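Note that this is a predicted model, so its numbers are computed, not measured. Below, read A as the first sequence line, B as the second, and so on, with proteins coming before strands; counting in each chain starts at 1.
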There are 2 protein chains.
Amino acid sequence: MTDTTGGRDAESVSKFVESFAAQLVEAGMQRMPARIFAALLSSDEGAMTSVELGEQLRISPAAVSGGVRYLAQQHMVSREREPGSRRERYRVQGNQWYEALTNREAVLKRWEAALGEGVASLGAETPAGRRMAETLAFFEFVDGEIAAMMERWRVYREERFGSAP
Amino acid sequence: MTDTTGGRDAESVSKFVESFAAQLVEAGMQRMPARIFAALLSSDEGAMTSVELGEQLRISPAAVSGGVRYLAQQHMVSREREPGSRRERYRVQGNQWYEALTNREAVLKRWEAALGEGVASLGAETPAGRRMAETLAFFEFVDGEIAAMMERWRVYREERFGSAP
DNA sequence: CCTTAACTTCACAAATTTCTGAAGTTAGCG
DNA sequence: CGCTAACTTCAGAAATTTGTGAAGTTAAGG
């Protein structure tokens with residue numbers, strides 16, 4: 001086995017990273033954040049330094065910096081500092097990240113606000129206004145359901161994988 | 001009330017269209033599809049012709065054509081032809097569109113496939129492989145839950161708004 | 001304190017995406 | 001059977017996005 005990273009075949013890891021990143025891109029994520037995220041996800045530690053990311057992905061420190069900032073804002077990675085060092089590590093926080101993925105809460109709230117304005121400006125009695133009110137109800141419904149779904153996931157996860165976070 | 005479109009204030013409708021489209025864009029949709037979709041959603045009929053769309057949004061027939069094709073592919077609008085005419089109407093199919101929105105089925109399936117390959121190529125026994133297997137389980141779980149959620153929505157919708165599609 | 005390592009910010013070049021006008025295609029209508 | 005209305009496709013200009021190198025900032029370590 002070709003093994004240049006200390007445990008795995010570097011090439012097949014890289015291949016997975018790029019292919020998973022491509023899926024994320026297709027789903028709307030920017031390219032650099034997607035690649036960085038995929039790299040972190042497939043690292044054994046679940047964490048990498050800026051330099052390691054730059055080397056594996058062949059990108060500049062500036063690109064790492066920008067990508068990581070985006071991911072941190074979305075709560076998909078967290079940054080940690082080894083005490084007494086200027087070096088940071090970026091970490092995929094266990095299952096926190098996919099909870100963030102479904103936590104489109106902010107997005108849903110904005111949609112709901114926009115639809116609410118739509119109902120108001122079109123008039124609740126017009127056909128368009130009524131259609132929009134129903135759409136709004138749908139998003140409010142989804143909003144409420146998601147919390148319950150995530151709770152069920154935690155239970156299921158616990159019993160299947162053991163060890164809560 | 002300024003009323004140039006035959007029932008509503010054209011300017012406030014346009015304002016809503018642009019602001020809702022902006023939200024959709026921020027969530028990842030392309031600009032033209034987003035604007036076209038918002039326009040359809042706020043029309044009383046829930047349907048408009050190519051010419052009407054071009055006029056309201058100030059875009060070329062080519063842009064309408066491209067945007068509508070995208071929306072139809074995503075099952076967010078359907079095209080209908082008034083019989084004995086070359087003219088088409090594009091329609092937001094009641095509640096069908098937001099069901100399509102949650103029907104990220106294709107997306108979820110691709111993610112699952114990619115993650116499955118990841119587990120295989122990293123090794124199910126490695127830490128990274130284990131983390132990825134858990135992620136995969138999460139998406140499979142969500143996949144299953146969504147169908148049930150939509151069913152609950154239909155029941156709720158029926159009792160709150162009456163009249164199934 | 002001075003040096004240096006480790007990010008971050010910024011201006012700009014390159015790549016990509018988006019929209020348009022023009023030309024093409026198809027189907028209704030006289 | 002040809003004319004015209006109603007899309008669609010395509011090539012390319014314009015705008016936007018992306019990633020880089022270079023310069024800037026901050027904090028360890030000597």
Side-chain angles (χ1 to χ4, degrees), chain A residues 14 17-18 21-40 43 45 47-74 76-92, chain B residues 14 17-18 21-40 43 45 47-74 76-92:
Chain A
S14 172
V17 166
E18 297 306 328
Q23 298 301 323
L24 294 173
V25 168
E26 198 154 335
M29 196 184 293
Q30 293 156 355
R31 177 181 307 278
M32 280 297 137
R35 296 181 68 210
I36 291 173
F37 184 75
L40 289 173
S43 69
E45 297 279 314
M48 294 171 79
T49 66
S50 190
V51 174
E52 288 169 341
L53 284 167
E55 277 169 6
Q56 173 168 358
L57 301 173
R58 304 310 204 85
I59 58 181
S60 69
V64 174
S65 176
V68 151
R69 174 167 37 155
Y70 174 85
L71 290 169
Q73 276 172 354
Q74 306 298 314
M76 290 179 70
V77 309
S78 50
R79 350 168 57 122
E80 22 182 89
R81 201 92 163 236
E82 351 187 336
S85 160
R86 184 93 224 272
R87 179 173 254 144
E88 270 182 311
R89 323 200 75 213
Y90 308 109
R91 159 157 279 130
V92 176
Chain B
S14 172
V17 166
E18 296 307 328
Q23 298 301 324
L24 294 173
V25 167
E26 198 154 334
M29 195 185 293
Q30 295 157 353
R31 177 180 308 277
M32 278 299 138
R35 296 181 68 210
I36 291 173
F37 183 75
L40 288 173
S43 69
E45 297 279 314
M48 295 171 78
T49 67
S50 192
V51 175
E52 288 169 341
L53 284 168
E55 277 169 7
Q56 172 166 359
L57 301 173
R58 306 307 205 85
I59 58 181
S60 71
V64 174
S65 176
V68 150
R69 174 167 35 155
Y70 174 85
L71 291 169
Q73 276 172 353
Q74 306 298 313
M76 290 179 69
V77 310
S78 52
R79 349 169 57 123
E80 23 182 87
R81 201 93 164 234
E82 351 187 338
S85 159
R86 186 91 226 268
R87 179 173 254 145
E88 269 181 311
R89 322 200 76 214
Y90 307 110
R91 159 158 277 129
V92 176

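When each of Arg31(A) and Val51(A) is assigned the nucleotide of DNA chain C bearing its nearest heavy atom, the one mapping closer to the 5' terminus is Val51(A).
Within residues 55-71 of chain B, the residues approaching DNA chain C are Arg58(B), Ile59(B), Ser60(B), Ala62(B), Ala63(B), by heavy-atom distance under 4.0 Å.
By the side-chain hydrogen bond (donor to acceptor under 3.5 Å, both in side chains) test, Glu55(A) is found to be paired with no residue, residues two or more places apart in sequence or in another chain being considered. For the ring-ring contact (aromatic ring centres under 6.0 Å, His included) test, no residue two or more places apart in sequence or in another chain qualifies with Tyr90(B). With sequence neighbours left out, the side-chain contact (heavy atoms from CB on, under 4.5 Å) criterion links Gln56(A) to Val13(A), Val17(A), Ala39(A), Met48(A). Applying the side-chain contact (heavy atoms from CB on, under 4.5 Å) criterion to Arg69(A), with sequence neighbours excluded, gives Gln73(A).
Rounding to the nearest 0.5 angstrom, the gap separating the OG atom in Ser65(A) from the CD1 atom in Ile59(A) is 10.5 Å.
Atom CZ of Arg79(A) and atom P of dA6(C) are 16 Å apart (whole Å).
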For a quick check, with a 4.0 angstrom heavy-atom cut-off, what is the B/S/- contact string for nucleotides 25-30 of chain C, read 5' to 3'? -BSSS-
Name each donor-acceptor pair under 3.5 Å that joins a side chain in residues 26-38 of chain B to protein atoms two or more places apart or in another chain, with its distance.
from: Arg35(B); atom 1: NE; to: Glu18(B); atom 2: OE1; distance (Å): 3.2
from: Arg35(B); atom 1: NE; to: Glu18(B); atom 2: OE2; distance (Å): 3.3
from: Arg35(B); atom 1: NH2; to: Glu18(B); atom 2: OE2; distance (Å): 3.1
from: Arg35(B); atom 1: NH2; to: Leu57(B); atom 2: O; distance (Å): 3.1

N/O donor to acceptor pairs below 3.5 angstrom from side-chain atoms of residues 77-86 of chain A, sequence neighbours left out:
from: Ser78(A); atom 1: OG; to: Gln93(A); atom 2: OE1; distance (Å): 2.9
from: Glu80(A); atom 1: OE1; to: Arg91(A); atom 2: NH1; distance (Å): 2.8
from: Glu80(A); atom 1: OE2; to: Arg91(A); atom 2: NH1; distance (Å): 2.8
from: Ser85(A); atom 1: OG; to: Arg87(A); atom 2: N; distance (Å): 2.9

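From the 5' end on, the contacts that DNA chain D makes with chain A at under 4.0 Å to a non-hydrogen atom open and close at dT18(D) to dG29(D).
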Table of protein N/O atoms under 3.5 Å from nucleotides 11-13 of chain C N/O atoms:
none

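Residue Val64(A) comes nearest to Ser50(A) through the heavy atom pair CG1-OG, 3.4 Å, listed as atom of the first residue, atom of the second, then distance.
The residue Arg35(A) sits apart from the nucleic acid: no heavy atom pair falls under 4.0 Å.
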